[in-house]
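Values below: all heavy atoms of this structure, side chains included; hydrogens, waters and symmetry mates excluded. Numbers restart at 1 for each chain; the letters A, B, ... are given by sequence-line order, proteins then strands.
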There are 2 protein chains.
Amino acid sequence: KQKQISISEFFAKNRHLLGFDNPRKALLTAIKEMVDNSLDACEDMGTPPDIFVAIEPGGRENRFRITVRDNGPGILKAQVPSVFGKLLYGSKFHGYRQQRGQQGIGVSAAGLYAMLTTGKAVEIKTKTGPRRKAYSCQLRIDTQHNRPDRLGEKDIEWEDVPHGTEVAMELEGTYSRGRHSVDSYLEQTAITNPHAQITYRTPDGEERVFERATTEMPRPTQAIKPHPYGVELGVLLKMVKETKAKQLAEFFQSEFSRVGNKVAQEICLSAKADPKSNPHRLSRGTVDELYHAIQKTKISAPPTDCISPIGDTLLLKSLQKEVEADFYHTVTRSPAVYRGMPFCIEAGIAYGGGLTGDDPARLLRFANRVPLLYQQAGCAVTKATIETAWRNYRLQQSRGAMPVGPMIIVVHMASVWVPFTSESKEAVASYPEIMKEIKLALQECGRKLGTFLRKRRREEDEAKKR
Amino acid sequence: KQKQISISEFFAKNRHLLGFDNPRKALLTAIKEMVDNSLDACEDMGTPPDIFVAIEPGGRENRFRITVRDNGPGILKAQVPSVFGKLLYGSKFHGYRQQRGQQGIGVSAAGLYAMLTTGKAVEIKTKTGPRRKAYSCQLRIDTQHNRPDRLGEKDIEWEDVPHGTEVAMELEGTYSRGRHSVDSYLEQTAITNPHAQITYRTPDGEERVFERATTEMPRPTQAIKPHPYGVELGVLLKMVKETKAKQLAEFFQSEFSRVGNKVAQEICLSAKADPKSNPHRLSRGTVDELYHAIQKTKISAPPTDCISPIGDTLLLKSLQKEVEADFYHTVTRSPAVYRGMPFCIEAGIAYGGGLTGDDPARLLRFANRVPLLYQQAGCAVTKATIETAWRNYRLQQSRGAMPVGPMIIVVHMASVWVPFTSESKEAVASYPEIMKEIKLALQECGRKLGTFLRKRRREEDEAKKR
Ligand SMILES: Nc1ncnc2c1ncn2[C@@H]1O[C@H](COP(=O)(O)OP(=O)(O)OP(=O)(O)O)[C@@H](O)[C@H]1O
Ligand SMILES: Nc1ncnc2c1ncn2[C@@H]1O[C@H](COP(=O)(O)OP(=O)(O)OP(=O)(O)O)[C@@H](O)[C@H]1O
Ligand SMILES: [Mg+2]
Ligand SMILES: [Mg+2]
């Protein structure tokens, strides 16, 4: 009666948790997971991304074959089966630095959905160096054991490419344009990733190219050690058991960021623990005291080279390129912290010009440079936007609703770990520190807009008088 | 660089997915998971549930010790460690029948959160029969390997109890009353579970008893086999490989519900497959044809003895007991199907009387008799309520908002598998079939309310004339 449940069985039944709720959304989610992987991989090796995306009609009605190819570093042959055929397997989960992927689920989930709806295997071709052979492999997921089921593999020549990865699969989907479409995802991805070039072939055979706007790569991010304020008692208990440090003070300095000798001594003193004691021998009670001592000790904020915001200048440039308006303003807040994880909020507004006036303002949400196209209602960005008092800036707004006016609002959260409300990574969870930072960023944009509108109103009134 | 990620590591980092976003919500979620388990367990053995819930102050500020005890069947000694110390382990995931639990995560997640915030083990006491000894065990979760870490165990006497389970743990929490509190959860649980008696001791030492309203147990549910319409190609491919049936026609009859010999022959005929062929030998192409043949074959709806709605009479009685109003109406729709899974929507309205008039109507949401207290914005029940045109029934409603008036709306979804929007089981995903059924149920309530309000208005007008 009692049974172990494999994670891929769990997600096969719960595919809406991964963003495969219906055929229209499934097509977008599968492409998004692959393109995000390609962008992450190219950035890791410092190469401006060249990404090719194709959607072709599949073997039957409502089926499409999708292909994504990149010029990234490629994947080691030995790792390919688990990368594509095993949920909760990847290189990004255990590190503390900003990347688009963070769960180790994305591309395997897309393959799982493809297998469920067409029964067909995922096809992978990858090459890790110019003089190397490429490795080609077809595989499916064995859901009962959450492991890859290899159907075929061989080394092949991949002439015209020095390194890179190509992934193809056939799945059930519905192709359409509009707000929640693949087209819209790629357009918005181009806005926040000006260093990428994306070539896109639609099922009707049309080819669109999103040109690279700059060859300047985003500043590479460095992984940081956990910050003491973010470490819970249960985790601290585990860390003291597993540490290689011989003394307690040394444990604090080597395992955490922002802890030098002075802070380490202070924590031990406040917890009445001996800084020279062996971490492996500490009692649960002493670790509990150390945990509370950390909360009371003044420790500087975590380093911020682990996150890479877009920057208000580049965000402004992208906004001006995509939207024709009378007024623009962008802001990048200085980094903040929730649960010990560094994050940074950026926001921008475009008002007037070609935008229509009587509708609610349009909200574009981004997390780690990835557009969030679904679950707007349950997202912290939306809630913080609605809770901002836009009437103060001369805009209409009824209770519990978006402001109304010819306006586009853009909010971007950059973080070492974005707290999504589900594995489909479509909405940000409402941690109070995050809500506060979004509101502060929007208020700054709102104030600037208010000044502009007052000035414009004054000029209009004066013009009328003459 | 590439690593396997254990499911409990994943949820330790993503605890908001499980409903442990903040200390206030965490206290509620932990209690909810344990009480839901107790209700399920008691119903399984056909015993009216007697559940005791206690919240006591813990070892430090912001810490509470919570205890839940039931008179259920108890848990076999050998299974206790995995039940409480392993995520994705349980008895309910693989069956197709209505229960509160369905993921195999709940109580282990509560234990994980307790360990993370206080470092303390979960304490379990369970007894499976009157003349048996009770088994007592303390354990924590080893998150790296997702397995139980037993700290202590022994057989003990548990005198005054013939059978049952008691679970206790200490965790970080915030106790408060109001909309999203433990009190409110227990009050609403008492409404939809009139066969249960719940004794509740608050941290202030006050004891409340939610009396049993009926000794009549809900109709027991029977597990059904999957319905052919709900089986995807990938699953069908797996089923034909693993079946014990020797012939294809026999495979359809033995593995699915609602398939007799006639329907099985029809499916094979339409797919041009030999009904006597060996299922293990079928090609992927033939299985693809069979999949499409199933969609084209007329097959009756799944059996409904796998779901157990509350019933409009009992729902009406509970509503009348809890809310003082002028008008009541409840409705239980006949069962429907989404992705092959049977479900049934029930709704009720209470209007006027002691209810206040100028606020948006209050919405009470339930899934498999469990109240849903969070994530109202992202829930199918809320969306369907907002999309219902309440103006037709003489109520105020602005675009995209709840109706306004002295009204309480109750919606209950009973299903063999409720599609939640995350593992915290707080909101229902918006499958089109589910949205449609909720709207139809609300429209029936709305029509009855409209008739009542028109009549009342007429009577008021006539009274004024005299
Ligand atoms: N195109 C690619 N080039 C190089 N490496 C890749 C590529 N696609 C995936 N990978 C590797 O495979 C791993 C697994 O990918 P997957 O999308 O399943 O998870 P993830 O990106 O780590 O996290 P998420 O689930 O959030 O997407 C990644 O961590 C990365 O190391
Ligand atoms: N009080 C109890 N009495 C008897 N059995 C129990 C009790 N609590 C839990 N169980 C058993 O332990 C299993 C695991 O419980 P857990 O809450 O983790 O998962 P679940 O109830 O199956 O699903 P969910 O994650 O949706 O709650 C259950 O399936 C049930 O068989
Ligand atoms: Mg990924
Ligand atoms: Mg449970």
Side-chain angles (χ1 to χ4, degrees), chain A residues 1-7 9-10 12-14 16-17 21-22 59-60 76 79 82-83 86 88-91 93-94 103-104 112 115-120 143-144 232-238 284 287-288 291-292 375 377-378 383 398 400-401 417 419-423 427 429-432, chain B residues 1-7 9-10 12-14 16-17 21-22 59-60 76 79 82-83 86 88-91 93-94 103-104 112 115-120 143-144 232-238 284 287-288 291-292 375 377-378 383 398 400-401 417 419-423 427 429-432:
Chain A
K1 195 158 150 285
Q2 299 283 350
K3 270 176 82 172
Q4 172 76 36
I5 302 152
S6 115
I7 184 70
E9 273 181 315
F10 178 80
K13 212 169 178 183
N14 266 320
H16 50 274
L17 290 184
D21 323 28
N22 57 57
R60 266 189 196 266
L76 292 177
Q79 291 167 342
S82 289
V83 157
K86 197 180 196 44
L88 289 178
Y89 182 88
S91 61
F93 179 85
H94 292 98
Q103 305 181 136
L112 173 65
M115 180 186 86
L116 283 173
T117 54
T118 66
K120 290 197 178 161
T143 54
Q144 208 156 344
E232 271 147 335
L233 178 56
V235 175
L236 191 61
L237 279 164
K238 202 172 130 201
R284 212 193 57 73
V287 178
D288 201 349
Y291 169 75
H292 281 86
Q375 292 190 12
K383 290 180 189 162
S398 40
W417 180 266
F420 291 109
T421 58
S422 85
E423 291 84 344
S430 314
Y431 280 88
Chain B
K1 196 163 151 273
Q2 300 282 353
K3 271 177 82 172
Q4 173 74 32
I5 303 151
S6 114
I7 184 71
E9 276 182 312
F10 178 80
K13 212 169 177 181
N14 267 321
H16 50 274
L17 291 183
D21 322 29
N22 58 57
R60 266 189 196 264
L76 292 176
Q79 291 169 340
S82 290
V83 158
K86 196 179 192 50
L88 288 178
Y89 182 87
S91 62
F93 179 83
H94 291 96
Q103 303 180 135
L112 172 66
M115 181 188 85
L116 283 173
T117 54
T118 65
K120 292 201 176 155
T143 54
Q144 204 154 349
E232 273 147 328
L233 178 55
V235 175
L236 191 61
L237 279 163
K238 202 173 130 195
R284 211 192 58 72
V287 178
D288 201 348
Y291 169 74
H292 281 87
Q375 292 192 11
K383 289 178 188 163
S398 39
W417 181 266
F420 291 108
T421 58
S422 86
E423 290 84 344
S430 316
Y431 280 86

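Looking only at heavy-atom pairs under 4.5 Å with chain B, the residue among A/Asn14, A/Val235, A/Leu76 that has the most is A/Asn14. Contact count versus chain B (heavy atoms, under 4.5 Å) is highest, among A/Ser430, A/Pro419, A/Ala427, for A/Pro419. Ranked by heavy-atom pairs shorter than 4.5 Å toward chain A, the options B/Thr118, B/Asp21, B/Asn22 are led by B/Thr118. Among the candidates A/Gln144, A/Arg60, A/Lys238, A/Lys120, the residue making the largest number of heavy-atom pairs closer than 4.5 Å to chain B is A/Arg60. Chain B forms more heavy-atom pairs under 4.5 Å with one residue of A/Ser82, A/Ser6, A/Gly90 than with any other, namely A/Gly90.
Counting all heavy atoms, side chain and backbone alike, A/Leu116 lies closest to B/Glu232 at O-CB, 3.3 Å. Of all the heavy atoms in B/Ile5 and A/Tyr89, the pair that sits closest is CD1-N, 4.1 Å. Looking at every heavy atom in both residues, B/His94 comes nearest to A/Gln4 through CE1-O, 3.8 Å. When all heavy atoms of B/Ser422 and A/Ser422 are compared, the pair lying nearest together is CB-CB, 4.5 Å.
Using a 4.5 Å cut-off between heavy atoms, A/Ser398 does not touch chain B at all. Interface remark: A/Thr421 contributes backbone atoms only to the contact with chain B (heavy atom separation under 4.5 Å). Only the side chain of A/Lys86 comes within contact range of chain B, with heavy atoms under 4.5 Å apart. In this structure, chain B has a heavy atom under 4.5 Å from the backbone of A/Ala12, while its side chain stays farther away. Using a 4.5 Å cut-off between heavy atoms, A/Leu237 touches chain B through its side chain atoms alone. Proximity to chain A (any heavy atom under 4.5 Å) is shown, for B/Gln375, by neither the backbone nor the side chain. Residue contact with chain A, scored on non-hydrogen atoms closer than 4.5 Å, involves the side chain of B/Val83 exclusively.
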request  = Show the numbers, then the answer: is there a ring pair (Phe, Tyr, Trp, His ring centres under 6.0 Å) between A/Phe420 and B/His16?
outcome  = CA-CA 9 Å; A/Phe420 291 109; B/His16 50 274; 8.9 Å; no
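For the pair B/Lys13 and A/Phe93, the cation sits on the ring face: its NZ or CZ lies under 6.0 Å from the ring centre, inside 45° of the axis.
Here the CD-NZ distance, from B/Gln79 to A/Lys1, works out to 7.5 Å after rounding to the nearest 0.5 Å.
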